[in-house]
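Let me begin by presenting the structure, written as structure tokens, before commenting on it.
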Amino acid sequence: PLALVPSLEWAVVVEPYVGFRTQMSWDSEISEHCRKGEILLVKGKSYSADGEIWYSFEQGWLHDSFVQIYNNKYKAIANVEEMEKNQEKK
């Protein structure tokens, strides 16, 4: 299954509300939004001119501070479940 393909990476959004950028720049337009706990298939990874890491997704670019990266979808799902459990305890 796609969830276990070794060459693919999966991202979990770790911030409450994040905007996808049209380019890998804080100044670029926001094209769409996502929420904490969403799992996204990583399309690519790149470094900006100032050395920051940006990840490419179907919807646009996200800075690496907004996501946690996993080497398979099942690990990403387990992380989301753990985040939800911790949220319920608060």
Side-chain angles (χ1 to χ4, degrees):
L2 191 62
L4 292 174
V5 174
S7 60
L8 297 179
E9 290 184 312
W10 298 85
V12 173
V13 178
V14 296
E15 294 296 325
Y17 195 65
V18 178
F20 287 98
R21 301 287 176 162
T22 56
Q23 299 174 20
M24 27 176 222
S25 165
W26 294 108
D27 298 327
S28 67
E29 289 184 40
I30 293 175
S31 58
E32 288 187 43
H33 293 90
C34 58
R35 295 184 182 275
K36 184 175 184 174
E38 285 189 42
I39 298 172
L40 308 164
L41 177 61
V42 176
K43 297 287 185 184
K45 174 182 173 181
S46 193
Y47 294 86
S48 63
D50 53 5
E52 293 185 322
I53 300 170
W54 289 80
Y55 288 95
S56 172
F57 302 93
E58 206 170 285
Q59 305 90 327
W61 293 89
L62 291 178
H63 189 264
D64 77 321
S65 63
F66 296 143
V67 293
Q68 231 169 356
I69 305 298
Y70 296 90
N71 61 2
N72 71 59
K73 191 173 184 180
Y74 297 117
K75 288 182 181 178
I77 291 168
N79 175 270
V80 170
E81 290 171 352
E82 187 66 29
M83 283 189 332
E84 289 171 353
K85 264 196 265 185
N86 290 337
Q87 188 65 32
E88 289 172 9
K89 291 178 184 177
K90 290 183 179 182

Kindly give the heavy-atom pair with the smallest separation between [X] and [Y], and that separation in Å.
X	Y	answer
I39	W10	CG2-CE3, 4.0 Å
G60	S31	CA-OG, 4.5 Å
V14	S65	CG2-O, 3.9 Å

Exercise for the section: Go through the steps to decide whether R35 and V13 satisfy the test side-chain contact (heavy atoms from CB on, under 4.5 Å), and finish with yes or no. Expected result: CA-CA 7 Å; R35 295 184 182 275; V13 178; over 6 Å; no
Hey, what do you get for [atom1] ([X]) to [atom2] ([Y]), rounding to the nearest 0.5 Å?
X	Y	atom1	atom2	answer
E15	K36	CD	NZ	7.5 Å
E9	N71	CD	CG	7.5 Å
I77	E82	CD1	CD	14.5 Å
Y70	K75	OH	NZ	10.0 Å

Handout entry: I30 vs R21, side-chain contact (heavy atoms from CB on, under 4.5 Å): CA-CA, chis, key distance, verdict
Key = CA-CA 5 Å; I30 293 175; R21 301 287 176 162; 3.8 Å; yes
Practice task
For the pair W61 and T22, evaluate side-chain contact (heavy atoms from CB on, under 4.5 Å) and give the outcome as yes or no after the intermediate values.
Solution key: CA-CA 6 Å; W61 293 89; T22 56; over 6 Å; no
According to a hydrophobic-cluster definition based on side-chain heavy atoms being under 4.5 Å apart (Ile, Leu, Val, Met, Phe, Trp, Tyr only), do [X] and [Y] belong together?
X	Y	answer
L8	V42	no
F57	M24	yes
F20	V67	yes

Problem - E52 atom CD, neighbour heavy-atom count above 12 within 6.0 Å - result: yes
Handout entry: Contacts of type side-chain hydrogen bond (donor to acceptor under 3.5 Å, both in side chains), residue D27, not counting sequence neighbours
Key = none
Practice task
Determine whether Q59 and L40 make a side-chain contact, defined as any pair of heavy atoms from C-beta on separated by less than 4.5 Å.
Solution key: yes
Problem - Heavy-atom side-chain proximity of K45 to I69 below 4.5 angstrom - result: no
Practice task
Measure from the side-chain N and O atoms of S48 to the backbone N and O of S25, and report whether any donor-acceptor pair falls under 3.5 Å.
Solution key: no
Practice task
For E58, enumerate each residue passing the side chain to side chain contact (heavy atoms under 4.5 Å, CB included) test, keeping only those at least two apart in sequence or located in another chain.
Solution key: K43
Exercise for the section: Would you list the pairs meeting ring-ring contact (aromatic ring centres under 6.0 Å, His included) in which at least one residue belongs to residues 34-54, sequence neighbours left out? Expected result: W26-W54, W54-H63
